[in-house]
Amino acid sequence: MSEEFSFVDHSHRRFNPLTNSWVLCSPHRAKRPWLGQVEDAAVEQRPSYDPKCYLCPGNTRATGAKNDSYASTYVFENDYAAVHAAQPDCSTTALAQVAGKGASAELFQVESMRGQCKVVCFSPRHDLTLPELSFEEIGKVINAWQKLYRDMSETPGIGYVQLFENKGAMMGCSNPHPHGQLWALSDVPSEPAKEISSLKSFHAEHASDACSCLLCSYAAAEQKNSETEATNRVVFQNDSFMALVPFWAVWPFETMIVSKQHVKSVADLDSKQVLDLAEAMQNLTARYDNLFQCSFPYSMGLHQAPTETHEDAEFCHLHLHFYPPLLRSATVRKFLVGFEMMAEPQRDLTAEQAAARLRALSSVHYKVAAKN
């Protein structure tokens, strides 16, 4: 064939070294017409205080517990926790009830999972979201994460701490009040376990190199790549953090905020790094909202050392994943179905195209710009 390969016209697979997996990229499919499902546009007019909201200051929750009249971030025990601190182990007798008597221990395995779940309200304001908060206000959220992470790391029986946010009804968020969650579990879940395995393998293979951390090496490579438009996947960066569309991104506008220094967890951030992370989060999420002039839905989570004292903590590198579903507009989303469920993830937009679109947007939130 005389035709040369083009990353914007020809299908190809990209490797994700963090999860040891592949994603199929089909950029030519972005040109196809869309006659599929269209979501209803979210209604964004909300009061600063909602007397019916179970997360607003001073309100009574469904269980009867009452929120403090908080003025900043606010943390409380999740009334409908996914895991609990006190529960019995799953005995052989109990397993037999669902697996059958004499069942193969290899084919039917169960582990009792204990833990704690907490809710982290980002702001007392019901009508704001993360990109509408100031750096200082987001910094207080990060400070709350630091305390929670440290406290859970010192809690007996806790082996993993997951901090995350689901933003928007499209991502299953049950309440529009700006908030995230903490799930602290007795063992490391599957997704972070894959990443830790890859980080350890990379370290072992590059132990004699100047840099033996996968994400330190990746951040340095993307820093160099940002000097050329064709290879630039960086959306925003400051002294401490880089927000970029990963080379192996699955979701259309998936991004990752990665620490430029080898920081194991959010607890290790100093005051400047906290504000730098706050700036990166605000800058990125403002661009998200500006993309389709809407409150951009996503699931966001921190990946870091499972706990401060975990045996694999030294291999871990703090980073935040953002997985947003929107594809073409505020009402057209990406679905992971069919081939994606049966074979491997697939995307239409290249990582470079997505990064260029986000980078071209203003970091001033469209609501603020409209007032000026």
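The figures here come from the full heavy-atom set of this structure, side chains too, leaving out hydrogens, waters and symmetry mates.
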Can you tell whether the side chains of Asp127 and Arg125 come within less than 4.0 Å, N to carboxylate O? yes

Can a donor-acceptor pair be found, under 3.5 Å and without considering hydrogens, that links the side chain of Tyr149 to the backbone of Glu308? yes

Tyr288 and Thr255: side-chain donor and acceptor closer than 3.5 Å? yes

For Ala280 and Phe241, which heavy atoms make the closest approach, and how far apart are they? CB-CB, 4.2 Å

Output all residues satisfying side-chain contact (heavy atoms from CB on, under 4.5 Å) with Ser174, sequence neighbours left out; order by chain, then residue number. Tyr54

One should read off an interatomic distance between Tyr80 OH and Asn78 CG, to the nearest 0.5 angstrom, of 9.5 Å

Carboxylate-amine/guanidinium contact Arg14 Glu352, below 4.0 Å: yes

Is a donor from one side chain sitting under 3.5 angstrom from an acceptor on the other, for Glu344 and Ser21? no

Just checking, is any N or O donor in the side chain of Thr331 or Ser329 under 3.5 Å from an acceptor N or O on the other one? yes

Flag for Glu191-His321: side-chain donor and acceptor within less than 3.5 Å: no

Contact summary for His262 and Cys213, nearest pair of heavy atoms: ND1-SG, 3.4 Å

Under a 3.5 Å distance rule, please check whether Ser197 uses its side chain to pair with a backbone N or O of Ala193 as donor and acceptor. no

Please assess Leu214 against His317 for the test side-chain contact (heavy atoms from CB on, under 4.5 Å), listing each intermediate value before the final yes or no. CA-CA 9 Å; Leu214 189 160; His317 186 121; over 6 Å; no

Any residue meeting side-chain contact (heavy atoms from CB on, under 4.5 Å) with Ala221, in chain and number order, not counting sequence neighbours: none

Do Ile142 and Leu130 land in one hydrophobic cluster if side-chain heavy atoms of ILVMFWY residues count as linked below 4.5 Å? yes

Which is it for His10 and Glu3 under the side chain to side chain donor-acceptor pair (under 3.5 Å) test, yes or no, and what are the steps along the way? CA-CA 11 Å; His10 300 133; Glu3 184 181 11; 3.1 Å; yes

Is it possible for you to say whether Leu133 and Leu163 belong to one hydrophobic cluster, with membership spreading through side-chain heavy-atom contacts below 4.5 Å? yes

Check whether any side-chain N or O of Glu254 sits under 3.5 Å from a backbone N or O of Val250 as a donor-acceptor pair, and report yes or no. yes

Please determine, by modelled atom types, if His203 and Glu314 share a side-chain donor-acceptor pair under 3.5 angstrom. no

Could you check if a side-chain atom of Met152 sits within less than 4.5 angstrom of a side-chain atom of Thr307, using non-hydrogen atoms only? no

With a 4.0 Å cut-off, would you call Arg328 and Asp348 a salt bridge? no

Tell me whether Thr228 contacts the main-chain N or O of Thr231 through its side chain, where contact means a donor paired with an acceptor under 3.5 Å. no

Membership question, hydrophobic clusters at under 4.5 Å side-chain separation (ILVMFWY): are Leu361 and Phe296 in the same one? yes

Roughly how far, to the nearest 0.5 Å, is the CG atom of Asn283 from the CZ atom of Phe135? 7.0 Å

Output yes when a side-chain donor or acceptor of Asn59 lies under 3.5 Å from a complementary backbone atom of Asn67, and no otherwise. no

Can a donor-acceptor pair be found between the side chains of Glu132 and Thr129 at a distance below 3.5 Å? yes

State, yes or no, whether a side-chain contact exists between Pro176 and His126 at a heavy-atom distance under 4.5 Å. yes

Least distance between heavy atoms, Thr73 atom then Ala144 atom: OG1-CB, 4.2 Å

Where the side chain of Asp50 meets the backbone of Lys52, is there a donor-acceptor pair that is under 3.5 Å apart? yes

Under a single-linkage definition using a 4.5 Å side-chain heavy-atom cutoff for Ile, Leu, Val, Met, Phe, Trp and Tyr, are Ile257 and Trp145 assigned to the same hydrophobic cluster? yes

Considering all heavy atoms of both residues, which atom of Ser363 and which atom of Arg287 are nearest to each other, and what is their separation? CB-NH2, 4.0 Å

In this structure, would Trp251 and Met171 fall into the same cluster of hydrophobic residues linked by side-chain contacts under 4.5 Å? no

Verify, without hydrogens or angle tests, whether Asp268 (side chain) and Val263 (backbone) share a donor-acceptor contact under 3.5 angstrom. no

Of the non-hydrogen atoms in Ala355 and Asn232, which two are nearest, and what is the gap between them? CB-O, 3.9 Å

Separation of Ile138 CD1 from Lys140 NZ (nearest 0.5 Å): 12.5 Å

Does the plane of the ring in Tyr298 sit parallel, tilted or perpendicular to the ring in Phe322? Use 30° and 60° as the thresholds. perpendicular

Between Asp89 and Arg114, is there a salt bridge with N-O shorter than 4.0 Å? yes

Spacing of CG belonging to Leu320 relative to OG belonging to Ser259, to within rounding of 0.5 Å: 10.0 Å

Does a side-chain heavy-atom distance below 4.5 Å link Pro192 with Pro306? no

Taking every heavy atom of Cys90 against every heavy atom of Val110, the minimum-distance pair comes out as SG-CG1, 3.6 Å

As an exercise, state the distance from CG of Leu182 to CD of Gln162, rounded to the nearest 0.5 Å. 8.5 Å

Any side-chain heavy atom of His303 within less than 4.5 Å of one from Leu18? no

His179 (side chain) donor-acceptor with His177 (main chain) under 3.5 angstrom: yes

Please answer whether the main-chain N or O of Val266 pairs with a side-chain N or O of Gln304 as donor and acceptor at a distance below 3.5 Å. yes

With sequence neighbours left out, which residue pairs that include part of residues 235-245 fulfil the side chain to side chain donor-acceptor pair (under 3.5 Å) condition? Gln223-Gln237, Gln237-Lys260, Asn238-Glu279, Asp239-Lys272, Ser240-Asp276

Expected output: side-chain Arg347 to main-chain Pro252 donor-acceptor under 3.5 Å: yes

Measuring from Ile196:CD1 to Asp312:CG, what's the distance to the nearest 0.5 Å? 6.0 Å

Out of Phe15, Trp248, Phe247, which residue meets the ring-ring contact (aromatic ring centres under 6.0 Å, His included) rule with Trp22? Phe15

I'd like to know if Glu229 and Arg359 make a salt bridge, using a cut-off of under 4.0 Å between side-chain N and carboxylate O. yes

